[in-house]
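All remarks here apply to the structure that follows.
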There are 2 protein chains.
Amino acid sequence: MLTEERHQFIRDRLAAEGKVLAGELASRFGVSEDTVRRDLRELAKAGQLRRVYGGAVASAPFAASTISQRGSHAVEEKMRLARAAVGVLAAGQTLFIDGGTTNEAIARAIPRDIELTVATNSLGVASALADLPLVELIMLGGRYIRDLGTCVGGDTLAAVAQLGADLFFLGSCGLDASRGVTAFDSAEAEVKRAMARNSAGIVIAATNDKLATAAPYRVAAADAIRHLVVERTAPAAILADFERQGAEIHVA
Amino acid sequence: MLTEERHQFIRDRLAAEGKVLAGELASRFGVSEDTVRRDLRELAKAGQLRRVYGGAVASAPFAASTISQRGSHAVEEKMRLARAAVGVLAAGQTLFIDGGTTNEAIARAIPRDIELTVATNSLGVASALADLPLVELIMLGGRYIRDLGTCVGGDTLAAVAQLGADLFFLGSCGLDASRGVTAFDSAEAEVKRAMARNSAGIVIAATNDKLATAAPYRVAAADAIRHLVVERTAPAAILADFERQGAEIHVA
DNA sequence: TTTCTTTGTGCACATTCTTGCATGATATGC
DNA sequence: GCATATCATGCAAGAATGTGCACAAAGAAA
C-alpha cells in the first residue's frame, strides 16, 4: 500500500467522520502505529488535519461543519461496536455478512492484513471490502432491495446454499432473549435463515435500541447466538438473559 | 512492446485506478523495473502523473478519493460518452451492464425517471444504480475480482444464463473491426460472452484509445455490435469499418 | 554488406526512502 | 500519584530509486 494511499484514506475518513484513531488506522492499513503517526505528522504539517491525543481531527475550518453533519452519535457508537466485533475474527475464517449499517461499519473496520473469505449480499459491505487485498470476496447476487441495501430472492438463497461459513455477522432488526432474532421483511428473513443454517456461529452487534425488541419474522433462536457485541450502556439484565443461553458478551 | 504503448497503458491505468505500482507494471509489461521507472520519470516530467515511492498516482488536480469515482482527465470524456450512450435506452427495457469505468459513467448517467431492469456484475455499476427508484436492479453474484471490479466465475455465468436482456452494455478492453471485441482476462471474457449470448443487442461506448486495439480473449464479433458510441474525434475510417458491419454510430 | 549512430533495455552499485522496534518522554484516567 | 496509553526520537534493515555502463536492435551512411 502506497504512502499516498494511506494519506488519501485518512483525508477521506476525516472528511466523512471528522476524526481518525491512530490504532484503528494502523490495523486497517496493516502497518505499525508508528507509521500511522508519521503519516498524521506529515498531514498535520501540511495543515490537512489537527493532531490530538489518540489520533487526529479535521483541521479547524472544516471541523465544525463536518463533525456536526456526519459524526452523529449513532455513527460513533456503531464504529465502537464494529471495532469490538472484529475482535472475534481469526485469520483464515470464512464469513457471511449480511446488510445493515452496523454490518457496514464492521466491514469498514476489518483490518487490511487479515486473510478472510467473505460472502455478502450487501452492496455496502461489498464496497467496503472491495479494496482489502487479503479478503476473498464473494458477492451473493439476486434481486436488489433498495430499502435493505441487500440482495434477496431465490438466486441469493441458492448462492448461500453452496457455501459454508465459520461465522455469520447477522444484522438484526429485533433482538429479544425469548423471541430470538427477528426481521421486518419476509424475503430478508429467509436469506438470514439460510446464512444462519450454513454457519458454525452467529455474531450480532446490536445498539441498545435493538435490544429487547422484536419484528414479525423469526430468523434464529436466541441460543444460536455465539457472540453478542453491545454498547457499554446496555442493560445488564438483558445481557444476562442472552448469556444464560450461551452467548459470549463483548462490551464495546 | 513499444515505449509509447507502455506510456499509454500507464495513462489509462492511472485514469481508471488513480495509481500504479512500479513492480506490478514491470511484470505486466515483461520489462525490468528500471524501464518502468524511466517511463514514470518521463510521464512525470510531462506532468501526466505524480511519482510516489512505490509507483505513481494521478497528478495533483485529481488527487482523488475513492477508487471507483474518479477517472482523472478522461472523466470528462467518459461522461460525454455516457450521456450519449443513455440515449439508446427506452423505458421498460432490460439491460446487462458489465464492468469498467465507462460503464460506471453510463450507469451514473441514467436518468432518475426511466423504468428499467438492470442486471450487472459490477459493484461500481450496482452502487451507481442502487438509489434509482425506478430501476429494478439484479446483482449478478460470484467471485469478486479486485482488478476488474466485477464478479466472475461459475455462479456469475449461471445467473446470467437465467436472464435475457434487450441490450448489453459491453465494457470493451479492445475493439477492432476485424478482430471484434476482446478482453484481457479469460474469466472476464467468459462472462461477457454469456451476456452477449443472452442479449438482443450490444452497445459499446469506447474512448479513442480503445479503437483499433485488441486483447487476447475474443468476446464478440464486430458485426454483433448494434450501437457504437464514440468520441467526436474518433477516426472516420475506423468508424466506417464498424458501420459497414451493421453498427449504428453515435457521436458523443 | 559493413560500419556507425541512435535508441532502448538490463544490470550493478551507491543512495535515498520507508518502516518497525527500542527507548525515554509525555499525556490521560482513576 | 500511579498505572496505562500515546507519542517523539534514534537506529537498523529492507525496499525503492538514481546513475553509470554495457549490450542489443534498428536505422543511416559508407
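Note on naming: letters A, B, ... go to the chains in the order of the sequence lines (proteins, then strands), and numbering restarts at 1 for each one.
Salt bridge A/Arg38/A/Glu42: absent, no basic N to carboxylate O contact under 4.0 Å. Salt bridge A/Arg13/A/Glu24: present, at least one basic N to carboxylate O contact under 4.0 Å. With respect to the salt-bridge test (charged N to carboxylate O, under 4.0 angstrom), the residues B/Glu77 and B/Arg80 qualify.
Nucleotide D/dA5 holds its P atom 18 Å from the CZ atom of A/Arg51, rounded to whole Å. In this structure, A/Met1 atom CE and C/dT18 atom C1' are separated by 15 Å, rounded to whole Å. A/Tyr53 has its OH atom 12 Å from the C1' atom of D/dA8, to the nearest Å. Per the geometry, NE2 belonging to A/His7 stands 13 Å off C1' belonging to C/dC17, to the nearest Å. In this structure, A/Leu25 places its CG atom 13 Å from P of D/dT6, rounding to the nearest Å. When the C1' atom of C/dC17 is taken as reference, atom CG of A/Asp39 falls 13 Å away, rounded to whole Å. Taking atom CD of residue A/Glu4 and atom C1' of nucleotide D/dA16, one finds them 16 Å apart after rounding to whole Å. Distance, B/Lys19 NZ to D/dA16 P: 13 Å, rounded to whole Å.
The phosphate of C/dT18 has neither OP1 nor OP2 within less than 4.0 Å of any side-chain N or O from A/Arg37. Applying the 4.0 Å criterion to OP1 and OP2 of C/dG8, one finds that B/Ser32 has every side-chain N and O outside that range.
Rounded to 10 degrees, the angle between the two end axes of the helix from C/dT1-D/dA30 to C/dC30-D/dG1 is 30°, with five pairs used at each end.
When each of C/dT19, D/dA8, C/dT9 is scored by its nearest atom to the side-chain atoms of A/Thr35, the top-ranked nucleotide is C/dT19. Listed candidates were D/dG18, D/dC7, C/dG20. Nearest to the side chain of B/Arg41 is D/dG18. Nearest nucleotide to the A/Ala22 side chain, out of C/dT18, D/dC7, D/dA5: D/dC7. Side-chain proximity of A/Asp34 to D/dT9, C/dT9, C/dC17: nearest is D/dT9. You'll find that the side chain of A/Arg38 is closest to C/dC21, out of D/dC7, C/dC21, D/dG20. The side chain of B/Thr3 lies closest to C/dT9, out of C/dT9, C/dG20, D/dT6.
None of B/Arg50, B/Lys19, B/Arg51 except one satisfies the salt bridge (Lys or Arg N to Asp or Glu O under 4.0 Å) rule with A/Glu4; the exception is B/Arg50.
Looking at heavy-atom distances under 4.0 Å, A/Val36 makes no contact with the nucleic acid at all.
Taken from OG in B/Ser122 to CE in A/Met139, the straight-line distance is 11.0 Å, to the nearest 0.5 Å.
Relative orientation of the A/Phe168 and A/Phe96 rings is perpendicular, given thresholds of 30° and 60° on the angle between their planes.
Pairing each heavy atom of A/Phe169 with each of A/Asn103, the nearest pair is O-ND2, 3.1 Å.
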